[in-house]
Amino acid sequence: MYSKKSLQNLFLTLITFAALSSQAQISFSTIGTAKTENFNTLTNSGTSITWSDNTTLAGFYVSPTTVRIEASTSSMDNAGAPYIIANGTDRSLGSRASGTSPNNNIYFGARFVNNTSSIIKSLEVSYYGEQWSIAENGSNVNKLSFSYQKSSSTITSLTSGSWTNNTSLDFSQIKSCHTTSGCNSSNTSAQYSALDGNNSANRVLKYAVFNVTLNPNEEIMLRWYDLNDAANDHHLQIDELSVTPWDVVASVVLPIELTEFKANCNSKLINLEWTTKSERDNAFFTIESTLDGKYFSELKRIDGAGNSSSELNYSIQVENKNTSQQYFRLKQTDFNGKATYSEIIALKCKNDATEIQVFPNPSEGKFYILGLEEKTQLEIFNQLGQKIQDFSIEKSGNQFELNDLRQGIYFVRINQNDVFETHKIVKN
């Protein structure tokens, strides 16, 4: 006979087990309805947590389980580990593989179960890959490798079993640093500079549809793997994950299959070229550019092929009025208005003019500028792209002051004979 107390304890145990079981995976309950995760419920308190699979975040697994928390995005922790990066209310999940076991091989993933009455035949997966730091990594390419495993039984391990790779959902570094003098930082450590992973120049949308058969009650684990590459590694994160089950076979992975997108300088023009291997319902392409990596503007549009299974080459030229580094991306729009974006590429064109120098930088408020002709126009912008001051420089070596502005980062846009150049300046 059980006592009343033992029966109560048994009942509580069963209730707890049921609650944990309900969180053991993310449930696909409706075909065509996306399951999304932005990671914003993760903590930003302390320096690290011990990750508990299915509990810290329902359906998510991390190995190793000591997860570091980086809440100061002005500098990045150099330690190898899985990471929660917190930027205000925004969170992301990722890693920096480094050192020895267990932090030289880092895994994290999400577990799903088919709770519909239909056979799932394909999954539509998208997420943003974000780079939050840049390290001296030589010629090595840091990346998060994507794979998945399906099973008729429960999947609780990120390392055992048979995994299928899908390279179209790999996230590779956006920026790299080959030498100690080319990392845009005066630091001398291996981890040179923090980046804003929410800045469009440091994040890219990854998207694919792949065929997989999931019968009712079967499971699938989606996994990202970070290997400790040679030299130093960047902080690579994922955010805004979306996974949609479909009961139809996917015939084409993307509206376009882009095999190349590049830019090069040609006198006062910039050549932009790209190649597609296939196109589906492709209405047009748009070339977009930015100087600060945040706010993109449209340069040109060019019609797409509609539908094509052949390799097609595209090229256009745009006027170059900037000697500072520029960023370009390719926007593809299909016939129903849905748009996808390429990865961002950077380009800096040289000209024959005297090199412009702004110094000291940082400054307490007084700056000097060299290499200008008379009556050159300067415009000062804040980080939101708002113009807040303008000047006219009468001769080379003249000065301008930002004494009335608060500390922070600004951009000075120089217009010299209708040729524009932008420099970032820091006021202490």
So, for [X] and [Y], which heavy atoms are closest and what is the spacing to 0.1 Å?
X	Y	result
Gln237	Ser95	OE1-N, 3.2 Å
Ser92	Ile238	CB-O, 3.4 Å
Trp274	Ile287	CZ3-CD1, 3.8 Å
Gly109	Met221	C-SD, 4.2 Å
Pro245	Thr33	CD-O, 3.3 Å
Thr259	Lys277	CG2-CB, 3.8 Å

| request: Test side chain to side chain contact (heavy atoms under 4.5 Å, CB included) on Trp132 and Met76 and set out the steps. | output: CA-CA 8 Å; Trp132 283 87; Met76 284 291 147; 4.1 Å; yes
For [X], all residues meeting side chain to side chain contact (heavy atoms under 4.5 Å, CB included), sequence neighbours excluded:
X	result
Pro102	Pro64
Asn38	Asn40, Asp239
Ile345	Phe261, Ala263, Phe328

Which distance, rounded to the nearest 0.5 Å, do you find between the [atom1] of [X] and the [atom2] of [Y]?
X	Y	atom1	atom2	answer
Glu257	Ser308	CD	OG	11.0 Å
Gln317	Leu272	CD	CG	9.0 Å
Leu195	Arg203	CG	CZ	13.5 Å
Asn217	Thr154	CG	OG1	12.5 Å
Leu42	Ile49	CG	CD1	6.5 Å
Ile220	Phe28	CD1	CZ	7.0 Å

Any side-chain heavy-atom pair of [X] and [Y] under 4.5 Å:
X	Y	answer
Ser289	Ser297	yes
Ile69	Thr47	no
Asn199	Glu130	no
Asn215	Asn114	no
Leu222	Val125	yes
Arg91	Asn44	yes
Trp51	Leu93	yes
Phe381	Tyr410	no

| request: For Asn282 and Asp334, run side chain to side chain donor-acceptor pair (under 3.5 Å): C-alpha distance rounded to whole Å, both residues' side-chain angles, the deciding distance at 0.1 Å, then the answer. | output: CA-CA 4 Å; Asn282 180 24; Asp334 59 25; over 6 Å; no
| said: Between Arg96 and Asp233, does any side-chain N to carboxylate O distance fall below 4.0 Å? | reply: no
| message | Taking Glu219 first and then Arg111, would you say they form a salt bridge - that is, a charged N and a carboxylate O separated by under 4.0 Å? | response | yes
| field | Residue pair Phe112, Lys35: steps toward the side chain to side chain contact (heavy atoms under 4.5 Å, CB included) verdict | value | CA-CA 9 Å; Phe112 300 82; Lys35 293 295 179 179; 4.2 Å; yes
| Mind checking what makes ring-ring contact (aromatic ring centres under 6.0 Å, His included) contact with Phe60, not counting sequence neighbours? |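 So Phe60 forms a ring-ring contact (aromatic ring centres under 6.0 Å, His included) with Phe39.
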| task | Not counting sequence neighbours, which residues clear ring-ring contact (aromatic ring centres under 6.0 Å, His included) with Tyr225? List them please. | result |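 ring-ring contact (aromatic ring centres under 6.0 Å, His included) list for Tyr225, sorted by chain: Tyr107.
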| message | Checking Glu124 against Tyr207 for the side chain to side chain donor-acceptor pair (under 3.5 Å) test, could you report, in this order, the C-alpha distance in whole Å, the side-chain angles of both residues, the deciding distance, and whether it holds? | response | CA-CA 8 Å; Glu124 181 180 5; Tyr207 174 89; 2.7 Å; yes
| Leu269 vs Val318, side chain to side chain contact (heavy atoms under 4.5 Å, CB included): CA-CA, chis, key distance, verdict | CA-CA 6 Å; Leu269 297 175; Val318 296; over 6 Å; no
With [X], which residues qualify under salt bridge (charged side-chain N to carboxylate O under 4.0 Å, His left out), at least two apart?
X	answer
Glu37	none
Glu273	Lys262
Arg68	Asp77
Lys175	none

| request: Report the C-alpha distance between Asn115 and Ser29 in whole Å, list the side-chain angles of each, state the deciding distance to 0.1 Å, and finish with yes or no for side chain to side chain donor-acceptor pair (under 3.5 Å). | output: CA-CA 5 Å; Asn115 280 332; Ser29 54; over 6 Å; no
Modelled atom types, side-chain donor and acceptor of [X] and [Y], under 3.5 Å:
X	Y	answer
Gln332	Tyr341	no
Asn228	Ser98	no
Asn142	Asp229	yes

| field | Stepwise salt bridge (Lys or Arg N to Asp or Glu O under 4.0 Å) check, Asp170 with Lys143 | value | CA-CA 7 Å; Asp170 290 352; Lys143 70 177 179 178; 3.7 Å; yes
| Would you find more than 12 non-hydrogen atoms of other residues, nucleotides or ligands less than 6.0 Å from Lys424 atom NZ? | no
| task | Scan residues 62-106 for pairs that pass ring pair (Phe, Tyr, Trp, His ring centres under 6.0 Å), counting only residues two or more places apart or in two chains. | result |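 For residues 62-106: Tyr83-His235.
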| Where at least one partner belongs to residues 134-173, residue pairs that pass ring pair (Phe, Tyr, Trp, His ring centres under 6.0 Å), sequence neighbours excluded | Phe146-Trp224, Tyr148-Phe210
| Counterpart residues, side-chain hydrogen bond (donor to acceptor under 3.5 Å, both in side chains), relative to Arg223 (two or more places apart) | Ser147
| query | Between Asn87 and Asn198, does a side chain to side chain contact (heavy atoms under 4.5 Å, CB included) hold up when you go through it step by step? | reply | CA-CA 9 Å; Asn87 183 18; Asn198 287 327; 3.3 Å; yes
| Should Ser153 and Ser151 be marked as a side chain to side chain donor-acceptor pair (under 3.5 Å) after you check the CA-CA gap, both sets of side-chain angles, and the distance that decides it? | CA-CA 5 Å; Ser153 57; Ser151 177; 3.1 Å; yes
